[in-house]
Asker: 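What follows is a single structure, and I will ask about it in a moment.
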Amino acid sequence: MSASLLAEVLRPGDRVVVGQATSEPIGLIEDMFAAAAHIADVSVFCGFSLNPAWTGTVPDALRITTYCGLGTIGALTRHGRAKIIPFAMSQLSAALAARTLPVDVVLLQVSPADADGYHSLGFAADYVWEAVHLARVVVVEVNARVPITRNSCRVHRSQIVIARESDCPLPQVQPEPAGEVQTRIAREVAKLVPDGATVQIGIGKLSDAITHALRDRRGLKLRSGMVGDWFPALVDAGAIDTSAPDACLASLAVGSGALYDWLSRSDLLGFALPERLVVPIPGSPFMAINSGIEVDLRGQVNAEFLGDRYIGASSGQPDYFRAARRSAGGLAILALPSANERGDVSRIVPRIASGYVTSLQSDVDVIVTEHGIADIRATDFEERSRRILEIAEPRLRSGLLPPTL
C-alpha cells in the first residue's frame with residue numbers, strides 16, 4: 001500500500017493507535033508521514049517505540065499522544081511535540097474499552113498467517129489488542145521476521161487490511177554490562193527472592209544484574225510487562241520453572257537479535273495481556289521488582305519526571321506492586337541506586353517536591369539500594385524515614401531531613 005492508498009483508508013478526524021515495540025509497523029509509519037499532508041486533524045497514539053522515524057521530522061499535521069517518555073518517542077515528549085496521557089497499563093486497556101480513548105484505525109505489525117489464516121503479534125500482547133476489536137479498520141504490515149509465538153493475540157486475515165509486506169529486522173535493544181552499583185543492588189534484591197517465587201522485572205542494566213543474581217534459584221515463574229535478554233540466561237541456568245505451560249508470561253519482549261532468535265525457537269515464554277499478568281499464582285509469592293527516579297522518606301516513588309522533563313512512565317508499576325501485596329508472601333520491591341551516576345545528588349529525597357508520584361507510600365513494601373534493604377512494612381512515618389535514611393548514600397545523608405509530619 002502506498003502513502004496515497006493509506007490516505008484513502010484514513011479519514012479526517014481519525015484517531016490512530018500504533019502497535020508498540022516489535023509490533024510497530026515501520027513501513028506503515030513512513031506511509032502515514034507521507035500521507036499526512038492530505039489528511040486533516042489526525043491524532044496518533046504511540047507507546048514505547050524504537051523506531052528512529054520519531055526522532056526525525058514528524059509532520060505537523062499529526063497530533064501525537066503517548067503514555068511514556070521512553071525510547072524514540074521520548075524525543076517528541078521532551079520538545080512538547082507529543083503530549084503525555086499518564087496511563088498505567090491497566091487504565092489504558094480500560095480507557096480503550098470504554099472509548100474514553102477513542103480509536104478509529106490501528107496500524108500494526110504481524111507475522112505471516114498460519115495454516116488457518118491467523119496472524120500472530122509475535123513478541124507483543126498489550127492494549128493494542130483492545131484497539132483491534134474497536135477500530136473501524138486494522139491496517140497491518142506483514143513482516144516475515146515476526147514469528148508465530150505462544151500468544152493470546154491472533155488476528156484473522158479476514159479482520160484486517162494487509163497494507164504491505166516486509167522483511168525488516170525487528171528493532172533491537174542491546175544489553176549493557178551492569179556496573180558495580182547495579183551489581184551490589186542486585187545482591188541485596190536476590191536476598192528477598194525465594195525459590196519458587198513469581199518474578200516481575202523489566203529491562204535495562206539493573207534488571208540484567210538482578211536476574212544474574214537469581215541464577216542459583218530454582219522453580220522461578222515469570223509475570224512481567226517486558227522481558228529482555230536475561231530470560232534465556234535464567235532458563236539456561238536452570239532457574240526457571242519449565243514444567244508448567246503458563247509458568248512464564250510477558251506482555252512484550254525487547255532485546256537483541258539473539259533474544260528474538262531464542263524466543264522464536266522456544267515456546268517457554270507465552271505472551272498475555274497485561275491484566276492477566278497481575279493475577280498472583282497460588283503458592284508462588286509474587287515479587288514485583290521495579291525502579292524509580294527518586295523515592296522520598298515516606299516511601300513515595302517518582303518513576304516519571306526528572307525535574308520538569310517526562311522521561312519515564314507509570315506503566316505497570318502500581319499494578320504490579322498491588323498484585324504483589326495481594327500475594328501470600330509477595331513483596332513490592334523498589335530497587336534503585338542511592339545517588340546519581342556522579343554520586344553528588346541523592347535519589348532518596350526528603351519529599352517528592354514536584355508532586356509527581358507514580359507509586360503511593362502505601363504501595364511499597366521494601367526499598368533496596370547498594371547500601372542495603374529498608375523494610376518499611378507496618379512502619380509509622382518516623383520509623384520508615386529512619387530505615388530509608390540508613391540506605392541512602394552516606395556522604396549525602398546529612399542533607400536529608402525527614403519531612404514534617
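Keep in mind the model is a prediction, meaning the values are calculated, not measured.
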Asker: Taking side chain to side chain donor-acceptor pair (under 3.5 Å) as the cut-off, I'd like each qualifying pair that reaches into residues 72-84, sequence neighbours left out, listed once.
Answerer: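 Those involving residues 72-84 are Ser49-Thr72.
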Asker: Does Asp104 pair with Arg11 as a salt bridge, N-O distance under 4.0 Å?
Answerer: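 Salt bridge flag = no for Arg11 with Asp104.
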Asker: Kindly say whether Gln361 contributes a backbone atom to a donor-acceptor pair with the side chain of Arg384 at under 3.5 angstrom?
Answerer: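 Flag set: sc Arg384 to bb Gln361 pair under 3.5 Å.
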Asker: Using modelled atom types and a 3.5 Å cut-off, is there a donor and acceptor pairing between side-chain atoms of Trp230 and backbone atoms of Gly202?
Answerer: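 Judged by distance alone, yes, a pair lies under 3.5 Å.
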Asker: More than 12 heavy atoms of other residues, nucleotides or ligands under 6.0 Å from CD of Glu341: yes or no?
Answerer: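 Atom CD in Glu341 is not crowded, with 12 or fewer foreign heavy atoms closer than 6.0 Å.
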Asker: Backbone N or O of Ile148 within a donor-acceptor pair of the Ser120 side chain at under 3.5 Å?
Answerer: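 Side chain of Ser120 to backbone of Ile148, a donor-acceptor pair under 3.5 Å: no, none is there.
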Asker: Between the main-chain N or O of Leu360 and the side-chain N or O of Asp363, is there a donor-acceptor pair closer than 3.5 Å?
Answerer: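 Yes: the side chain of Asp363 pairs with the backbone of Leu360.
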Asker: May I have all residue pairs that pass side chain to side chain donor-acceptor pair (under 3.5 Å) and include part of residues 263-285, sequence neighbours excluded?
Answerer: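 Only Thr198-Ser284, Asp246-Arg276 qualify under side chain to side chain donor-acceptor pair (under 3.5 Å).
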Asker: Distance only, no hydrogens: is a donor on one side chain within 3.5 Å (strictly under) of an acceptor on the other, for Gln317 and Asn290?
Answerer: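 Gln317 vs Asn290: no donor-acceptor pair found between side chains.
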Asker: Leu249 versus Leu277: any side-chain heavy-atom pair under 4.5 Å?
Answerer: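 SC-SC contact between Leu249 and Leu277 confirmed.
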Asker: Charged N to carboxylate O under 4.0 angstrom, Glu393 versus Arg397?
Answerer: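 Salt bridge between Glu393 and Arg397, a charged N being under 4.0 Å from a carboxylate O: no.
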Asker: Going from CE on Met89 to CG on Leu273, what distance comes out if it is rounded to the nearest 0.5 angstrom?
Answerer: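 So the gap between those two atoms works out to 12.0 Å.
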Asker: Can you confirm whether the side chains of Gln91 and Asp319 place a donor and an acceptor under 3.5 Å from each other?
Answerer: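 No - no donor-acceptor pair under 3.5 Å links their side chains.
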Asker: Does any part of the side chain of Glu304, heavy atoms only, come nearer than 4.5 Å to the side chain of Tyr356, both counted from C-beta?
Answerer: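 No, their side chains stay 4.5 Å or more apart.
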Asker: What distance separates Ile85 CD1 from Thr65 OG1, expressed to the nearest 0.5 Å?
Answerer: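 One gets 4.0 Å once the value is rounded to the nearest 0.5 Å.
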Asker: So, Asp236 and Arg215, do they make that salt bridge, N to O below 4.0 Å?
Answerer: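 Not counted as a salt bridge, because no side-chain N and carboxylate O are separated by less than 4.0 Å.
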Asker: Quick check: do Val17 and Val105 have side-chain heavy atoms less than 4.5 Å from each other?
Answerer: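 With C-beta onward as the side chain, the pair stays apart.
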Asker: Taking all atoms of both residues into account, what is the closest heavy-atom pair of Thr55 and Pro52, and its distance?
Answerer: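 So the minimum-distance heavy-atom pair works out to OG1-O, 2.6 Å.
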Asker: If you round to the nearest 0.5 Å, how far is CD of Glu24 from CD1 of Ile29?
Answerer: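 The CD1 atom of Ile29 sits 5.0 Å away from the CD atom of Glu24.
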Asker: Less than 4.5 Å apart, side chain to side chain, heavy atoms only: is that true for Val16 and Val106?
Answerer: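 The answer is no, as the side chains (C-beta and beyond) never meet within the 4.5 Å cut-off.
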Asker: Answer whether the closest heavy-atom distance between the side chains of Glu180 and Thr183 falls below 4.5 Å.
Answerer: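 Sidechains of Thr183 and Glu180: no contact.
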Asker: Verify, without hydrogens or angle tests, whether Glu188 (side chain) and Ile185 (backbone) share a donor-acceptor contact under 3.5 angstrom.
Answerer: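 It does not hold such a pair.
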Asker: Which pair of non-hydrogen atoms, one from Asp380 and one from Glu383, has the smallest distance, and what is that distance?
Answerer: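 Shortest heavy-atom separation between Asp380 and Glu383 comes out as OD1-N, 2.7 Å.
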Asker: Find the distance between OG (Ser207) and NE2 (His212) and round it off to the nearest 0.5 Å.
Answerer: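 If I round to the nearest 0.5 Å, the distance is 14.5 Å.
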Asker: Start with the C-alpha distance between Ile26 and Cys168, add both sets of side-chain angles, then the distance that settles side-chain contact (heavy atoms from CB on, under 4.5 Å), and finish with yes or no.
Answerer: CA-CA 8 Å; Ile26 304 300; Cys168 298; 5.6 Å; no
Asker: Answer yes if the ring centres of Phe271 and Trp129 are under 6.0 angstrom apart, and no otherwise.
Answerer: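 No, too far apart.
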Asker: With distance as the sole criterion, is a donor-acceptor pair present between the side chains of Ser158 and His156 under 3.5 Å?
Answerer: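 Side-chain D/A pair, Ser158 to His156: present.
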Asker: Starting at CG of Asp375, measure out to CZ of Arg377 and round the result to the nearest 0.5 Å.
Answerer: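 If we round to the nearest 0.5 Å, Asp375:CG and Arg377:CZ are 4.0 Å apart.
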Asker: Are any of the side-chain heavy atoms of Ile73 and Cys68 separated by less than 4.5 Å?
Answerer: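 Result yes, sub-4.5 Å side-chain heavy-atom pair found.
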Asker: Could you go through Leu192 and Ile333, starting from their C-alpha distance and side-chain angles, then the distance that decides it, and tell me whether this counts as side-chain contact (heavy atoms from CB on, under 4.5 Å)?
Answerer: CA-CA 9 Å; Leu192 301 169; Ile333 303 168; 3.9 Å; yes
Asker: Start with the C-alpha gap between His119 and Leu108, add the side-chain angles, then the distance that decides, and say whether side-chain contact (heavy atoms from CB on, under 4.5 Å) holds.
Answerer: CA-CA 11 Å; His119 299 265; Leu108 189 61; over 6 Å; no
Asker: Rounded to the nearest 0.5 Å, how far apart are CG of Asn143 and OG of Ser166?
Answerer: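 Reported to 0.5 Å precision, the distance equals 3.5 Å.
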Asker: Between the side chains of Asp229 and Ser256, does any donor sit under 3.5 Å from an acceptor?
Answerer: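 Yes, Ser256 and Asp229 have a side-chain donor paired with an acceptor closer than 3.5 Å.
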Asker: List the atom of Asn151, the atom of Ala125, and the distance in Å for their closest heavy-atom pair.
Answerer: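 Residues Asn151 and Ala125, closest heavy atoms: OD1-CB, 3.5 Å.
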Asker: Grab the two heavy atoms, one from Gly225 and one from Ser251, that are nearest each other, plus how far apart they are.
Answerer: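 Closest approach of Gly225 to Ser251: O-CB, 3.3 Å.
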Asker: Using a strict cut-off of less than 4.0 Å between a Lys/Arg side-chain nitrogen and an Asp/Glu carboxylate oxygen, indicate whether Arg395 and Asp344 qualify as a salt bridge.
Answerer: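 Between Asp344 and Arg395 there is no salt bridge, as every charged N stays at least 4.0 Å from the carboxylate O atoms.
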Asker: I'd like to know if the side chain of Arg387 and the backbone of Ile376 have a donor-acceptor N/O pair within less than 3.5 Å.
Answerer: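 No, the answer is negative, given that no donor and acceptor are paired below the 3.5 Å cut-off.
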Asker: Let me see the working for Gln174 and Glu176 under side chain to side chain donor-acceptor pair (under 3.5 Å), right down to the final yes or no.
Answerer: CA-CA 6 Å; Gln174 298 298 331; Glu176 299 180 41; over 6 Å; no
Asker: Where the side chain of Asp116 meets the backbone of Tyr118, is there a donor-acceptor pair that is under 3.5 Å apart?
Answerer: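 Judged by distance alone, no pair lies under 3.5 Å.
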Asker: Does the side chain of Glu370 come under 3.5 Å of the side chain of Ser338 through a donor N or O and an acceptor N or O?
Answerer: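 Yes - a donor-acceptor pair under 3.5 Å links their side chains.
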Asker: Identify the residue among Tyr260, Phe123, Trp262 that makes a ring-ring contact (aromatic ring centres under 6.0 Å, His included) with Phe231.
Answerer: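 Only match with Phe231 under ring-ring contact (aromatic ring centres under 6.0 Å, His included): Trp262.
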Asker: Which pair of non-hydrogen atoms, one from Ile348 and one from Leu400, has the smallest distance, and what is that distance?
Answerer: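 The pair with the smallest heavy-atom distance is O-CD2, 3.3 Å.
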Asker: Is there a donor-acceptor contact under 3.5 Å from the side chain of Glu141 to the main chain of Glu165?
Answerer: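 No; judged by distance alone, with no hydrogens or angles, the pair does not exist.
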Asker: Show, in sequence, the C-alpha distance, side-chain angles and deciding distance for Val357 and Asn302, and conclude whether the side-chain contact (heavy atoms from CB on, under 4.5 Å) test is met.
Answerer: CA-CA 5 Å; Val357 175; Asn302 164 26; over 6 Å; no
Asker: Can you check whether Ile203 reaches Val227 side chain to side chain, under 4.5 Å on heavy atoms?
Answerer: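 Result no, sub-4.5 Å side-chain heavy-atom pair not found.
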Asker: For a quick test of reading the model, state the closest non-hydrogen atom pair linking Ser93 to Glu130 and the distance between them.
Answerer: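 Looking at all heavy atoms of both residues, the closest pair is O-CG, 3.7 Å.
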Asker: Would you kindly say whether Ser43 and Arg63 are connected by a side-chain donor-acceptor distance under 3.5 Å?
Answerer: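 Present: a donor and an acceptor within the cut-off.
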Asker: Without swapping roles, check the side chain of Arg298 against the backbone of Phe381 for a donor-acceptor pair under 3.5 Å.
Answerer: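 Answer holds: no.
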Asker: Do the non-hydrogen side-chain atoms of Val103 and Leu96 ever get within less than 4.5 Å of each other?
Answerer: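 When only atoms from C-beta onward are counted, Leu96 and Val103 do touch, with a gap below 4.5 Å.
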Asker: Any salt bridge linking Lys221 with Asp241? Criterion: basic side-chain nitrogen under 4.0 Å from a carboxylate oxygen.
Answerer: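 Judged by the 4.0 Å cut-off on N to carboxylate O distance, Lys221 and Asp241 do form a salt bridge.
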Asker: Strictly distance-based, threshold 3.5 Å: is any side-chain N or O of Arg217 a donor or acceptor partner for the main-chain N or O of Val193?
Answerer: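 Such a contact is found between Arg217 side chain and Val193 backbone.
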Asker: For Tyr67 and Phe87, I'd like to know if the aromatic rings sit close, meaning centre-to-centre distance below 6.0 Å.
Answerer: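 Centroid separation for Tyr67 and Phe87: 6.0 Å or greater.
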